[in-house]
Amino acid sequence: AQSVTQLGSHVSVSEGALVLLRCNYSSSVPPYLFWYVQYPNQGLQLLLKYTSAATLVKGINGFEAEFKKSETSFHLTKPSAHMSDAAEYFCAVSDIGNNDMRFGAGTRLTVKP
Amino acid sequence: DAGVIQSPRHEVTEMGQEVTLRCKPISGHDYLFWYRQTMMRGLELLIYFNNNVPIDDSGMPEDRFSAKMPNASFSTLKIQPSEPRDSAVYFCASSLGQGMNTGELFFGEGSRLTVL
């Protein structure tokens with residue numbers, strides 16, 4: 001069964017600094033990969049998704065992620081953090097042809113002024 | 001579209017009581033998912049439906065939990081009897097099938113359950 005592992009349950013960066021949130025996946029077949037963001041007291045919202053097209057995926061709010069098959073990774077980055085980026089971020093995986101989506105444990109991003 | 005609608009947003013109940021959580025998916029979506037979120041266990045998939053039929057309920061923790069989808073626009077998650085360890089945020093999500101979409105899930109705002 002597919003799964004994802006997020007390295008680091010809590011990441012803290014200064015405003016304007018690079019954001020890097022790590023995600024590694026395990027899947028027996030080429031997967032679909034997703035990053036979702038959750039703001040306090042809200043549901044999850046899609047940031048971006050990889051669906052076997054371009055390996056570098058651009059999402060909303062300046063975030064992007066690169067699919068690296070050799071490293072089984074799908075890390076999320078943003079060049080310059082903003083205070084409004086403070087939230088919890090979830091990596092998720094589903095196998096192509098299977099709607100069973102599995103989420104990582106989440107990484108809480110704190111942005112310091 | 002109004003998005004996925006869940007009710008109630010907050011529920012506080014006493015141990016042993018029955019709890020019913022409700023979900024209205026996005027019109028036209030043929031998949032519906034129930035997730036539970038806790039600090040200890042993160043986001044857990046409880047059950048999902050395709051065209052109103054339960055496909056995988058292996059995540060349902062025990063027989064006290066049941067879920068139904070009587071039609072394409074409504075689903076319920078019921079806990080009877082409830083226990084304090086059921087306290088969590090329960091999310092409903094819907095999506096289009098893989099053939100028409102890449103499986104992106106659209107989440108409701110969640111139902112926060114507290115069992116005293």
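Each chain gets a letter, A, B and so on, in the order its sequence line appears, and its residues count up from 1. These figures come from a predicted structure and were not determined experimentally.
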Any chain of hydrophobic side-chain contacts (each under 4.5 Å) joining [X] to [Y]?
X: A:Val57; Y: A:Val19; value: yes
X: A:Ile60; Y: A:Tyr50; value: yes
X: A:Phe103; Y: A:Trp35; value: no
X: B:Phe106; Y: B:Leu32; value: no
X: B:Leu77; Y: B:Leu43; value: no

Open item on the list: Using only atom types and a distance under 3.5 Å, with no angle test, would you say the side chain of A:Tyr36 pairs donor to acceptor with the backbone of B:Leu105?
Closed with: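 Yes, because the side chain of A:Tyr36 sits within donor-acceptor range (under 3.5 Å) of the backbone of B:Leu105.
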Open item on the list: Less than 4.5 Å to any heavy atom of chain B: does that hold for the side chain of A:Gln38, its backbone, both, or neither?
Closed with: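 Side chain only.
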For atom [atom1] of [X], is the number of surrounding heavy atoms from other residues, nucleotides or ligands below 6.0 Å larger than 12?
X: B:Glu14; atom1: CD; result: no
X: B:Arg41; atom1: CZ; result: no
X: B:Asn71; atom1: CG; result: yes

Task: 4.5 Å side-chain heavy-atom contact, B:Leu45 and A:Met101 - done: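 No; the side chains remain at least 4.5 Å from each other.
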TODO: Check whether any side-chain heavy atom of B:Val89 sits under 4.5 Å from a side-chain heavy atom of A:Asn41, and report yes or no.
DONE: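 The answer is no; the side chains never approach within 4.5 Å.
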Open item on the list: For the CG atom of A:Leu44 and the OH atom of B:Tyr35, what is their distance to the nearest 0.5 Å?
Closed with: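 It comes to 9.0 Å.
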Task: Reported OG-to-CE distance for the pair A:Ser9 and B:Met39, which is rounded to 0.5 angstrom - done: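 Taking OG in A:Ser9 and CE in B:Met39, the distance rounds to 9.0 Å.
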- [ ] Measure distances from B:Gln37 to the heavy atoms of chain A and classify the residue's part below 4.5 Å as side chain, backbone, both or neither.
- [x]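 For B:Gln37, the side chain is the part near chain A, not the backbone.
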Open item on the list: Give the interface residues of residues 107-114 of chain B toward chain A, defined by a heavy-atom separation under 4.5 Å.
Closed with: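 Within residues 107-114 of chain B, the residues that come under 4.5 Å of chain A (heavy atoms only) are B:Phe107, B:Gly108, B:Glu109, B:Arg112.
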